Amino acid sequence: MTRARFALAILILVLCRIPLPAAEPPAALAGKPEVAAALEVFDTWADWTARQRDQPGVSIGIVYDQELIWAKGYGFANLAKKIPATPATAYRIASISKTFTAHALLQLRDAGKLQLDDPITKWIPELKLSKIDPQSPAITIRHLLTHTAGIPREVDGTYWNDMNFPSREAMLPVLARMGVVWEPDKEWKYSNVALSLAGYIVEAASGEPYAEYVARHILAPLGMSGTRVIPSTDMPTLAVGYGRRMAGKPRRIEPFFNGAYMVPASNLASTVEDLAKYASLQFRSGPAGGAQILKGSTLAEMQRAHWVKPDWKSGWGLGWGVTRKDDKTRISHGGSVPGHRTTISMVPADKFGVIVLTNSEDGRPSLYVDQAYAIVAPAIAKATAAPPPTPQGDPAWQKYVGVYTFEDEEIHVAVLDGRLTIFDPSEDDPWKERIPLEPVSGHVFRMADGFAEGELVTFILDASGKVTRYEAPGYYMSRRP
């Protein structure tokens, strides 16, 4: 193809509003028939939905473990210039920024520079918040991260109308005058102010400006080169933010958002490609170092619920929203600033994640997230499921098989489905209540299920090598002759 014909082809693609193709996904998983079929259906649905809703632009990525297995853009990052939306397009991720602040604080906690139960006044001594109840506990860093500090969502002012956001120095006296809405730990209350304060603690504990800390200790190690903590209007990859679709009117361009005091809560701009690296971090374990910016146990600590709402269907971790849906635990966070609506959502147990970034007030990223879970996640789960193990019992286990008693109690030990197993014939459902035993060493086994899961069972042998009984924490059972 000549250069002229190539240029013409590109022009036709743009004028026809056909999104440019994404990079070829990793063939190992995305090429499997069930996954490829699901991605085709999801892609077709997403394209149709974006067009029917007349959305300016949408960029979507699907992550499995350490791979961005599929990513694509629909529509335009800039309607006037006909710049296509792609996986490399930057969007204002808004409140997803809060999760970066949480990661920064946990880094500092793991480094011994702070504790999550430190009172926030230890790090922000100039903040004077009067208590509703003199006996209420001090507000801590943990309260900030779980939105249980009782701090107002916003401070007084009209900055969401005129986009003239106050500085940190101007905000703190206003917050002090307003005080808390209620005592910490009483209710869950989402708060931009609380996570802004959390960012100020990052600065105080690290000795670095917030933006520099996040860039150096999170973005750089993860290779998130397309992400900015404080983006500017001349950022070449940044999508233009648009207002809602109004009948008979063109979409208006939303004013550029500068969070000022709430930079730690709302300011980052990022891409699907970069956030895929961030999602993959959530699926890793092991010690911290390099791209592993937090050790696996700390990531798991952040992802579990630290505050559960009264309906027991959702709650909040350390920076992440936590929900239970379809028997899966999801962690997620959404974002909303003028002209941009975004969501990142993951199931850590399945190592599945979806990222949806939009550049309009009516972007509704949750539509695309829900369909990714409904269409693609099951296909990936099926394609990556390990084949069921073939039971292989050890012939040496036969020495343990038998009936064990104590007074009128009776326990049977047998090899069932290739596993040494304890079961009680007096149970209403002895099959359901059976306890498989996993070999540890010698004649010691670990209970793999049941009320005493994880505890040890030791078979005792006499001088002739015959098993006479087994012992478990708190009791023993003698083998019937």
Side-chain angles (χ1 to χ4, degrees), residues 25-30 32 35 38-39 42 60-71 87 93 96 98-107 110 145 217-224 226-227 270-306 315-334 342-357 365 368-370 372-386:
L29 182 56
K32 289 189 174 184
V35 178
L39 287 172
F42 176 76
I60 305 174
I62 293 176
V63 177
Y64 175 72
D65 199 359
Q66 302 305 298
E67 296 281 357
L68 176 60
I69 67 164
W70 180 89
I93 63 171
I96 298 174
K98 293 177 173 67
T99 67
F100 287 81
T101 300
H103 282 71
L105 283 171
L106 269 294
Q107 283 182 328
D110 285 356
L145 292 179
H217 299 278
I218 298 179
L219 304 184
L222 289 173
M224 297 177 67
T227 301
S270 191
T271 70
V272 160
E273 292 175 344
D274 274 10
L275 288 174
K277 300 171 184 176
Y278 189 56
S280 288
L281 166 70
Q282 310 306 320
F283 307 143
R284 294 201 286 268
S285 59
Q292 183 79 36
I293 62 168
L294 282 171
K295 61 185 177 182
S297 60
T298 296
L299 292 168
E301 178 186 3
M302 296 178 70
Q303 294 165 8
R304 65 174 178 262
H306 290 247
W316 213 262
L318 298 177
W320 292 110
V322 182
T323 57
R324 187 75 177 164
K325 191 169 184 179
D326 301 326
D327 291 327
K328 302 284 186 181
T329 298
R330 299 183 188 180
I331 63 169
S332 59
H333 214 297
T342 58
T343 296
I344 180 170
S345 182
M346 294 156 283
V347 176
D350 292 346
K351 298 184 177 182
F352 175 85
V354 56
I355 302 146
V356 180
L357 310 179
Y368 303 90
V369 169
D370 289 346
Y373 274 114
I375 297 172
V376 184
I380 290 177
K382 180 180 178 181
T384 57

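Being a predicted model, the structure only gives us computed values, none of them experimental.
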For [Y], is there any backbone N or O sitting under 3.5 Å from a side-chain donor or acceptor partner on [X]?
X    : Y    : value
Q292 : P287 : no
T329 : R324 : no
Q303 : P348 : no

Heavy-atom side-chain proximity of [X] to [Y] below 4.5 angstrom:
X    : Y    : answer
V272 : I60  : no
Y373 : V347 : yes
T99  : I331 : no
L145 : K98  : no
Q282 : L299 : yes

Parallel under 30°, tilted from 30 to 60°, perpendicular over 60°: which one fits the rings of F42 and W70?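 F42 vs W70 ring planes: perpendicular.
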
Below 30° counts as parallel, above 60° as perpendicular, anything between as tilted: where do the rings of Y278 and F100 land?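 Plane angle under 30°, so parallel.
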
What's the spacing between [X] [atom1] and [Y] [atom2] if we round to 0.5 Å?
X    : Y    : atom1 : atom2 : value
T271 : I355 : OG1   : CD1   : 8.5 Å
T323 : R330 : OG1   : CZ    : 6.0 Å
S280 : L222 : OG    : CG    : 9.5 Å
Q66  : L281 : CD    : CG    : 8.5 Å
L294 : Q107 : CG    : CD    : 5.0 Å
L39  : I375 : CG    : CD1   : 10.0 Å

From M302, H103, R304, residue fulfilling side-chain contact (heavy atoms from CB on, under 4.5 Å) relative to L318: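 That would be M302.
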
Might you point out which heavy atoms bring A30 and V35 nearest each other, and give the distance in Å?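 Scanning both residues completely, I find the closest heavy atoms to be CA-CG1, 3.9 Å.
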
For the residue pair G290 and P221, what are the closest heavy atoms and their distance?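 Shortest heavy-atom separation between G290 and P221 comes out as O-CB, 3.4 Å.
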
Could you go through D65 and L29, starting from their C-alpha distance and side-chain angles, then the distance that decides it, and tell me whether this counts as side chain to side chain contact (heavy atoms under 4.5 Å, CB included)? CA-CA 11 Å; D65 199 359; L29 182 56; over 6 Å; no

By salt bridge (Lys or Arg N to Asp or Glu O under 4.0 Å), which residues pair with K328, not counting sequence neighbours?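 Residues passing salt bridge (Lys or Arg N to Asp or Glu O under 4.0 Å) with K328: D350.
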
Please list, chain by chain and in numerical order, all residues satisfying side chain to side chain donor-acceptor pair (under 3.5 Å) with T342, sequence neighbours excluded.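 None.
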
Side chain to side chain donor-acceptor pair (under 3.5 Å) assessment of T227 paired with S270: CA-CA 4 Å; T227 301; S270 191; 2.7 Å; yes

After noting the C-alpha distance and the side-chain angles of T384 and K32, does the key distance pass the side chain to side chain contact (heavy atoms under 4.5 Å, CB included) rule? CA-CA 10 Å; T384 57; K32 289 189 174 184; 5.8 Å; no

Walk me through whether W320 and H306 qualify under ring pair (Phe, Tyr, Trp, His ring centres under 6.0 Å). CA-CA 10 Å; W320 292 110; H306 290 247; over 10 Å; no

Before you tell me yes or no, could you show the steps for I380 and I62 under side chain to side chain contact (heavy atoms under 4.5 Å, CB included), namely the whole-Å CA-CA distance, both residues' side-chain angles and the distance that decides it to 0.1 Å? CA-CA 10 Å; I380 290 177; I62 293 176; 4.2 Å; yes

Does Y64 have any ring-ring contact (aromatic ring centres under 6.0 Å, His included) partners at least two apart in sequence or in another chain, and if so, which?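 With neighbours one apart ignored, the set is empty.
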
K277 atom NZ, over 12 foreign heavy atoms within 6.0 Å: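 Counting neighbours around NZ of K277, more than 12 heavy atoms of other residues, nucleotides or ligands fall under 6.0 Å, so yes.
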
